Amino acid sequence: MSKILTLLVYLWNKKAYILLPTVLFPIITLAWSLSYQPAFKAITTIGVDKRLVSSPLLKNFSTPENIEILERRLKGSSLLKDTVMDSSTFFDNTNVSDEQIKSETISLATRVQIKAIDSENFQISYTDTSKENTVRILEALSNNFIDDLLAPERLRTEEKLMNLANQVQYYSELEKKHEALLNNAQEKLSKTQGEKQQNLLLKKVVKLEFDVQKASAQKDLAQTDYEKLLIESRSLITGARTDSTNPILQYIEPPVIVSGERTSSDHTYITYLSFKIGLLVALLSLFISRLMDTTLRTDKQIQEAFGLRIIGRIPHIGEVTFKDGRLIADPTKIKL
Amino acid sequence: MDELRTKKSTPSLQATSYTEVTRMHASSLASKGSIVITSTTENEGSSLVSYLMAQRSAESGSKTLLVDLNMKNTQISDMLASDRLSWNLSERPNDDNLSDLFVKVKGLEHLYVLPAPLDPVSIHFLKSASRASHFFKTLEEQFDNVVVDTSSIDASNRFNADPITLAMSANRTALVMLAGVTAKRKVESAVRQLREAGAHIEGLIINDRENPSPKEQLLRFTRLLKKIVPGFGEWLHHKVLHNEHLD
């Protein structure tokens with residue numbers, strides 16, 4: 001009991017070392033936690049169909065070098081500028097200066113990140129202090145990014161479509177030409193008398209019929225390929241949206257908020273953590289103060305230090321006044 | 001510590017009624033002569049101790065002179081003497097007994113005080129060990145006990161009476177130390193200076209103003225507690241008072 005009391009008295013004497021870290025620090029931490037403006041983070045996951053991809057960048061995007069290239073493209077000023085202008089979040093009116101747009105673009109670049117989850121999927125994240133803006137901006141940004149990535153694919157597809165369209169036209173003209181020749185040959189055949197002449201013309205007619213069918217088949221094939229490619233490339237040409245299918249780059253997970261406001265349990269945990277840290281700091285400071293205390297208190301310490309006898313010890317006698325030449329002490333005036 | 005109360009209704013008591021003061025007096029002023037009370041640094045309580053010793057000495061019947069040579073803190077002179085005077089030590093003849101400078105303390109039959117001098121020349125005069133010795137001898141011839149209050153050893157005021165010189169000139173010296181506050185190396189330095197000067201160090205007087213024992217602190221707490229929760233406070237006060245392990 002006496003040891004506990006002695007310990008309590010010691011701790012009371014060192015109350016500054018204990019109260020500041022264990023009481024004041026958690027209070028300040030709690031106040032900070034309550035006033036802290038939350039940052040909302042949204043992420044979206046995009047999958048790459050490597051069978052359809054022809055660009056080497058998208059074929060091996062998960063390597064560190066290529067992900068760095070993707071990040072540079074994601075944070076490219078023109079892409080970000082388009083995102084800033086697309087999302088009506090930033091500006092309430094159209095009268096915005098170039099400086100403002102530039103400033104928003106720079107700010108946007110610092111809040112965007114991309115990383116490869118595996119060899120077929122990558123993730124884009126965006127952080128904002130406004131919950132409403134976070135998903136909207138990430139949507140606009142990721143759509144613009146997909147458009148940007150698919151630009152080479154779009155170009156290639158357009159070239160293919162043009163080739164196929166040219167083929168369709170060519171075979172169509174060829175068919176017409178062969179049909180015209182066939183009609184001529186059939187007319188000649190109907191007017192020819194001699195057997196030998198008829199046989200020759202008949203052979204020619206058969207050949208021309210074959211050519212017409214061949215041209216027609218090739219035209220149909222080209223037409224079919226063209227229509228198929230046209231359907232597949234529709235999302236490439238019109239741009240990627242979360243509700244449309246895009247065979248090359250697809251949303252595995254649309255933009256969604258993953259972190260946001262702190263709940264009361266978060267505040268409690270933060271306060272508890274700061275209390276534990278404060279307690280540790282308190283113990284450490286008590287230990288250090290004990291180590292650095294070079295004063296002397298007990299008779300033994302004093303006698304060992306100086307080798308002098310102790311004449312006596314004067315306790316705290318309280319407030320002292322003079323009265324009739326005598327010192328008067330008031331011990332009740334001693335502070336706790 | 002036994003507390004003697006003059007009246008039950010008033011908490012004040014005579015400072016010299018503390019047993020510790022009586023014991024200190026018996027230990028250091030048993031024999032006649034001069035004693036210099038000094039300290040390592042300021043605010044260690046040397047003036048309080050000086051007065052307590054002088055008052056106790058006077059109360060025990062010894063004709064006592066309290067000399068205030070603490071130029072950094074002339075509280076004693078200010079309290080007890082309405083006017084301070086110039087000592088003019090350099091102009092006085094060798095056999096002058098300085099009796100014109102003594103002030104009798106009202107209320108205490110055997111206690112006199114020599115207030116701090118107004119003239120810096122007298123301070124400078126006492127910086128010589130031989131002159132200081134003569135000064136003390138003159139006083140010792142007229143008084144049973146001469147208690148000298150000086151400034152701290154680390155005080156660096158050129159208008160101050162050097163406590164080391166005074167200590168080596170007096171019969172004995174007591175060094176006041178504030179326990180739990182004054183650093184060990186500072187006290188070591190003060191003791192070394194006194195020893196090197198040849199002062200006779202009677203011993204240390206420990207001032208526990210900032211070093212209350214756990215028992216004292218708990219007793220103070222129980223006194224406060226008694227005002228709030230009288231029953232529990234009284235019980236705890238009794239427990240603490242009679243606990244033998246808390247000191």
Side-chain angles (χ1 to χ4, degrees), chain A residues 1-19 285-286 288-336, chain B residues 1 3 11-16 18 20-21 23-25 27-28 45 48-49 51-52 55 79-80 105-108 111 174-185 187-188 191 201-212 214 216-218 220-221 223-224 239-240 243-246:
Chain A
M1 171 75 171
S2 52
K3 279 186 180 169
I4 293 169
L5 286 172
T6 309
L7 177 64
L8 286 173
V9 168
Y10 173 75
L11 291 174
W12 172 255
N13 288 336
K14 298 286 182 186
K15 50 189 173 292
Y17 290 94
I18 297 163
L19 285 177
S285 56
L286 274 173
I288 291 170
S289 87
R290 186 116 176 139
L291 270 180
M292 290 176 66
D293 185 4
T294 58
T295 63
L296 302 167
R297 295 173 190 270
T298 64
D299 287 357
K300 189 179 171 198
Q301 285 174 332
I302 293 164
Q303 278 164 345
E304 277 175 7
F306 310 117
L308 292 170
R309 77 177 181 103
I310 295 173
I311 297 171
R313 299 189 81 117
I314 301 251
H316 193 355
I317 59 176
E319 198 177 275
V320 171
T321 50
F322 272 100
K323 191 182 174 184
D324 299 331
R326 286 181 157 82
L327 276 175
I328 305 294
D330 186 356
T332 61
K333 293 276 168 69
I334 300 170
K335 287 180 188 170
L336 193 59
Chain B
M1 182 190 74
E3 294 178 42
S12 330
L13 61 151
Q14 286 206 49
T16 49
Y18 281 79
E20 288 84 350
V21 178
R23 285 178 189 157
M24 261 171 28
H25 168 260
S27 177
S28 57
L48 173 68
V49 167
Y51 199 87
L52 282 171
Q55 184 183 323
M79 287 286 211
L80 297 173
V105 175
K106 288 177 191 166
L108 274 168
L111 184 60
L175 185 65
V176 178
M177 187 189 105
L178 194 57
V181 174
T182 313
K184 179 183 166 188
R185 59 172 177 81
V187 183
E188 268 176 351
V191 168
I201 308 173
E202 188 70 28
L204 291 163
I205 297 173
I206 311 302
N207 188 345
D208 281 327
R209 187 181 75 217
E210 304 294 337
N211 183 39
E216 273 172 44
Q217 287 188 285
L218 283 165
R220 285 180 211 164
F221 174 69
R223 276 183 223 120
L224 177 69
K239 281 285 176 196
V240 170
N243 190 309
E244 290 168 3
H245 303 291
L246 270 175

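To find a chain, count down the sequence lines: A is the first, B the second, and so on, and within it residues start at 1. Basis for what follows: all heavy atoms, side chains included, without hydrogens, waters or symmetry-related copies. All figures in this text were calculated on a predicted structure; none of them were measured in a lab.
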So which part of B/Leu52 gets closer than 4.5 Å to some heavy atom of chain A, the side chain, the backbone, both or neither? both
One should read off an interatomic distance between A/Thr295 OG1 and A/Ile302 CD1, to the nearest 0.5 angstrom, of 9.5 Å
If you measure from CE on B/Met79 to OG1 on A/Thr321, what distance do you get to the nearest 0.5 Å? 8.0 Å
How would you list, by chain and number, every residue that makes a side-chain contact (heavy atoms from CB on, under 4.5 Å) with A/Ile18, sequence neighbours excluded? A/Leu11, A/Thr22, A/Leu286
B/Val176 versus chain A, the contacting section by heavy-atom distance below 4.5 Å: neither
For the pair B/Met177 and A/Leu296, evaluate side-chain contact (heavy atoms from CB on, under 4.5 Å) and give the outcome as yes or no after the intermediate values. CA-CA 9 Å; B/Met177 187 189 105; A/Leu296 302 167; 4.0 Å; yes
Using a cut-off of under 4.5 Å for heavy-atom pairs, which of B/Asn207, B/Val49, B/Val181 has the most such pairs with chain A? B/Val181
Below 4.5 Å from any heavy atom of chain A, which atoms of B/Glu202 appear? Answer side chain, backbone, both or neither. both
Please check: side-chain N/O of B/Gln55 versus main-chain N/O of B/Thr16, any donor-acceptor pairing under 3.5 Å? no
B/Lys184 portion near chain A, given a 4.5 angstrom heavy-atom threshold: both
Is there side-chain contact between A/His316 and B/Pro212, with at least one heavy-atom pair below 4.5 Å? no
Separation between CZ (A/Arg309) and OG (B/Ser28), nearest 0.5 Å, reads 7.0 Å
If you count heavy-atom pairs within less than 4.5 Å of chain B, which of A/Arg313, A/Gln303, A/Gln301, A/Lys323 leads? A/Arg313
Which residue out of B/Glu188, B/Arg23, B/Arg185 racks up the most heavy-atom pairs below 4.5 Å with chain A? B/Glu188
Based on non-hydrogen pairs under 4.5 Å, which of B/Val105, B/Val21, B/Leu80, B/Val187 is most in contact with chain A? B/Val187
Portion of A/Asp299 that has a non-hydrogen atom of chain B nearer than 4.5 angstrom: neither
Interface check, chain A: of B/Val191, B/Ile201, B/Leu218, most non-hydrogen pairs under 4.5 Å belong to B/Leu218
